[in-house]
Amino acid sequence: MEVIDEIKAKARALLENGQVECVIGYGLGSLKVRPAFAYTPAEVERFVWNSNCNQNLVNYLNDKKDRKVAIVAKPCDVRAINVLIHESQVKRENVYIIGMACPGMEWQGQPEARCRHCDQRVPVMYDVLIGQAPNVSVTPDDYADVAALEAMSSEERLAFWAREFDRCIRCYACRQACFGCYCFECVAEQLDPQWVGIAIDLPEKQLFHIMRAYHLAGRCVGCQECERVCPMGLPLSLLNRKIAKEVAELFGGYRAGADAAVAPPLATFRKEDDLE
Amino acid sequence: MIQTISRASLTLWLDALTRDYTVIAPRRVENLVLYKPISSAEEVVYDFGRTGLSAKEHFLPMMQSIVNIHKDQNGLILEVPRLGRSQVIFGLRPCDARALRVLDAVMLSEPADAYYGERRKNTVTVGIACKEPQEGCFCTSMGGAPDDEKDLDILLVEMNDGYAVKAVTDGGRALLAGASLSEADAPPPVSKAPEALQLPTLETWQGRFNEAYWARLSDRCLGCRLCAYVCPTCYCFDVRDYAENSSEIKRLRCWDSCQASGCYRLAGGHNPRPTKRERLRQRFYHKLVYYGQRFQVDLCVGCGRCVVQCPANIDIREIIADVAGQ
């Protein structure tokens, strides 16, 4: 059976036997692959599976709290589910994970860089696994982009980020697309008290992006949804990768969501922790 | 007989304009092409298709001080910031020019918006006709055309060795005074237009307001502001005072969006459009129903930016077809 037929068969069965009320998958849109929500077996017919299923759909679980849903999830997406479970945003028993063995995704006609370095082709957790893990040789991530950033002087780095952040229009697509940005009211938009002004100006943009990056420290799974949705082409994942690298170095190679049993280091405290 | 301008003369003319005007043109900003001020004609990008953002920001800036307040021992001094030099917007697409007429309806009807009005009055637009539609374009469905001249001061149409030039208004004719023009017999090539969609009737729109369709559509909406910010006609703004210190205060007006969760929140906390469903539906009813009822023109020009840029592929063309069809 083709991979897509397996997804459809599973989704149909879940809806038919009432195990879930909705299956979140990928559908063919007018211009591209887009999220598709199937509430009836017939709606499953719109589902697709191909190398353009980049989007991390886990973000939509935040809208379906306490509902029984199934979700088509790649290995990186499943790590995001783990993060949400750790943070008590999602209950494991409410989510049926249609885990996908992932061949790697493409973006704008090219294999995504993150996928070329990905050594995790099978999700760490699933209720059903669909597809075969591809037999690909993976080049380990050398973090060359982060190294280039680290090699800059602090003045150069400030100038680099000022130039990048300057293009931001504060549309918040990055935040809205992020599974980890689920705050009911973002501190960047709170009006009373107002922490960040409404100005679409460099200081506010800088504050927003740095704050968001810090808030995602130890939580970002590197799906790079933020960067793909940015209409202004900001290299947002560079910021997240820098912090993920630091977290891994400081906390024994920790990767957000990689292990359901390991509590996130920035959400735990032990008396014996070295605070230096 | 038509008037033409060679590429070399166009460059000379644009360079001359930069001495007297703030010339805004499609130019490269990192990996994007945006309407931004240029200092030299060399910066102009001609094969840009559609810019990432519209030219709206030069009429409704993303951020603009509407009053500067200076406080000292003599009291308060209020100063209204004025536009410096007049603007020339070069390379405007006919749809983006039409957006200005659409915006005029709300911004210049009484009580008129003085800030917008000042920029409109002091801007000359030089358009370039589209040769062919880009992915997502639907200008002809919204009353425009790829070579529509009527909302421009000057229209240029690309030819083999330059552009056909048509001065549409007196302002356009005056701006062309310093340009070296020639004449040609053959007309420029005709633009390829996108196919027009069939628009729903008012009754159809009204009948579908409460349908489950809107909740289902909003399932995949992220609730970001991207569509409103790339749109040439969305004009929501927010106003806040900024104190730089105890004596310098600015009243800032900044872009806002109807998709923001707090956009409609009232004093006391009530939100009449509490979920993405109501907010997304409002976007399309405002654009395609309410605005037309009030101003006899729709709040959309079919530029296609939201169509191609929405991360969730919420496609206004599909919505028009869905509402009209079945």
Side-chain angles (χ1 to χ4, degrees), chain A residues 22 24 26-39 43 54-55 57 59-60 62-64 163-164 166-178 181 183-186 189-192 194 196-205 225-226 228-235, chain B residues 29-32 34 52-53 57 61-65 135-136 212 215-230 237-243 250 252-257 259-263 265 275-276 304-318 321:
Chain A
C22 176
I24 308 172
Y26 299 95
L28 194 59
S30 63
L31 297 174
K32 55 186 173 191
V33 171
R34 70 187 182 197
F37 292 70
Y39 294 86
E43 286 170 346
N54 314 68
Q55 194 170 345
L57 303 173
N59 182 31
Y60 294 110
N62 289 312
D63 291 342
K64 297 276 183 198
R163 196 174 71 236
E164 297 294 336
D166 195 36
R167 290 202 304 287
C168 171
I169 55 174
R170 288 186 81 178
C171 73
Y172 297 126
C174 51
R175 182 192 71 191
Q176 296 302 106
C178 178
C181 274
C183 284
F184 183 68
E185 186 174 40
C186 176
E189 278 182 300
Q190 202 174 338
L191 290 179
D192 191 16
Q194 190 177 39
V196 185
I198 64 166
I200 305 182
D201 202 8
L202 186 57
E204 285 78 6
K205 298 171 188 179
E225 199 56 50
C226 52
R228 283 194 300 275
V229 301
C230 178
M232 306 308 282
L234 268 59
Chain B
V29 179
E30 305 289 327
N31 42 3
L32 305 164
L34 301 172
L53 300 177
E57 63 174 302
M62 277 181 215
M63 171 182 84
Q64 161 181 49
S65 175
E135 189 172 59
R216 295 295 308 275
L217 186 68
S218 71
D219 263 345
R220 69 174 192 273
C221 174
L222 295 173
C224 74
R225 306 173 175 203
L226 193 157
C227 51
Y229 285 9
V230 302
F237 56 77
D238 194 3
V239 176
R240 280 262 152 174
D241 289 348
Y242 260 66
K250 281 189 166 133
L252 286 189
R253 157 159 105 170
C254 302
W255 285 1
D256 200 352
S257 159
Q259 302 309 299
S261 61
C263 183
R265 195 167 54 221
T275 72
K276 287 190 293 183
R305 287 188 181 88
C306 61
V307 173
V308 296
Q309 294 196 49
C310 174
N313 185 219
I314 290 179
D315 184 336
I316 188 171
R317 300 170 308 168
E318 250 184 290

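Predicted, not measured: the structure shown is a model, and the values here were computed from it. Throughout, a chain's letter reflects where its sequence line sits, starting with A, and its residues are numbered from 1.
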Q: For each of A:Ala173, A:Gly29, A:Pro231, tally heavy-atom pairs with chain B at distances under 4.5 Å, and name the one with the top tally.
A: A:Pro231
Q: Would you compute the distance between atom CZ of A:Arg170 and atom CH2 of B:Trp255 and round it to the nearest 0.5 angstrom?
A: 13.0 Å
Q: Counting only non-hydrogen atoms closer than 4.5 Å, does B:Val307 touch chain A with its backbone (N, CA, C, O), its side chain (CB onward), both, or neither?
A: both
Q: Do the side chain of A:Arg34 and the main chain of B:Asn313 share a donor and acceptor less than 3.5 angstrom apart?
A: yes
Q: Under a 4.5 Å heavy-atom cut-off, does chain A meet the side chain of B:Leu32, its backbone, both or neither?
A: side chain
Q: Using non-hydrogen atoms and a 4.5 Å limit, figure out which bit of A:Glu43 sits close to chain B: side chain, backbone, both or neither.
A: side chain
Q: Looking at B:Ala312, B:Ser261, B:Gly262, B:Ser257, which one has more heavy-atom pairs under 4.5 Å with chain A than the rest?
A: B:Ala312
Q: Could you tell me if the side chain of B:Leu53 sits less than 4.5 Å from the side chain of A:Arg167, heavy atoms only?
A: no
Q: Evaluate the side-chain proximity of A:Glu185 to B:Arg265: yes if any heavy-atom separation is below 4.5 Å, no if none is.
A: yes
Q: Tell me, do A:Met232 and B:Glu30 make a side-chain contact under 4.5 Å, heavy atoms counted?
A: no
Q: So which of A:Ala199, A:Ala36, A:Gly233, A:Pro35 has the largest heavy-atom pair count under 4.5 angstrom toward chain B?
A: A:Ala199
Q: Is chain B contacted by the side chain of A:Asp192, its backbone, both, or neither, given a heavy-atom distance below 4.5 Å?
A: neither
Q: Testing the basics here: between B:Val308 and A:Lys32, what is the closest heavy-atom pair and its distance to 0.1 Å?
A: O-NZ, 4.2 Å
Q: Would you compute the distance between atom CG of B:Leu34 and atom CD1 of A:Ile169 and round it to the nearest 0.5 angstrom?
A: 9.5 Å
Q: Between A:Arg175, A:Gln55, A:Arg163, A:Arg228, which has the largest tally of heavy atom pairs under 4.5 Å with chain B?
A: A:Arg163
Q: What residue in B:Glu135, B:Glu318, B:Arg253, B:Gln309 has the most heavy-atom pairs under 4.5 Å with chain A?
A: B:Glu318
Q: With a 4.5 Å heavy-atom cut-off, do B:Leu226 and A:Gln176 have their side chains touching?
A: no
Q: Select one option (side chain, backbone, both, neither) describing which atoms of B:Cys227 are under 4.5 Å from chain A's heavy atoms.
A: neither
Q: Which residue out of B:Pro61, B:Gly223, B:Gly52 racks up the most heavy-atom pairs below 4.5 Å with chain A?
A: B:Gly223
Q: Report which part of B:Arg305 has an atom under 4.5 Å of a heavy atom belonging to chain A: side chain, backbone, both, or neither.
A: neither
Q: Hey, what do you get for CE (B:Met63) to CG (A:Asp201), rounding to the nearest 0.5 Å?
A: 3.5 Å
Q: Which atoms of B:Lys276 are under 4.5 Å from chain A, going by heavy atoms: the side chain, the backbone, both sets, or neither?
A: side chain
Q: Please state whether the side chain, the backbone, both or neither of A:Leu57 comes within less than 4.5 Å of a heavy atom of chain B.
A: neither
Q: If you measure only the distance, is there a donor-acceptor pair under 3.5 Å linking the side chains of B:Asp219 and A:Tyr39?
A: yes
Q: Are the side chain of B:Arg216 and the backbone N or O of A:Phe37 linked by a donor-acceptor pair below 3.5 Å?
A: yes
Q: So how far is it from B:Arg220 CZ to A:Ile24 CD1, rounded to the nearest 0.5 Å?
A: 13.5 Å
Q: Nearest heavy-atom pair of A:Tyr60 and B:Leu222: which atoms, and what distance?
A: OH-CD2, 3.6 Å
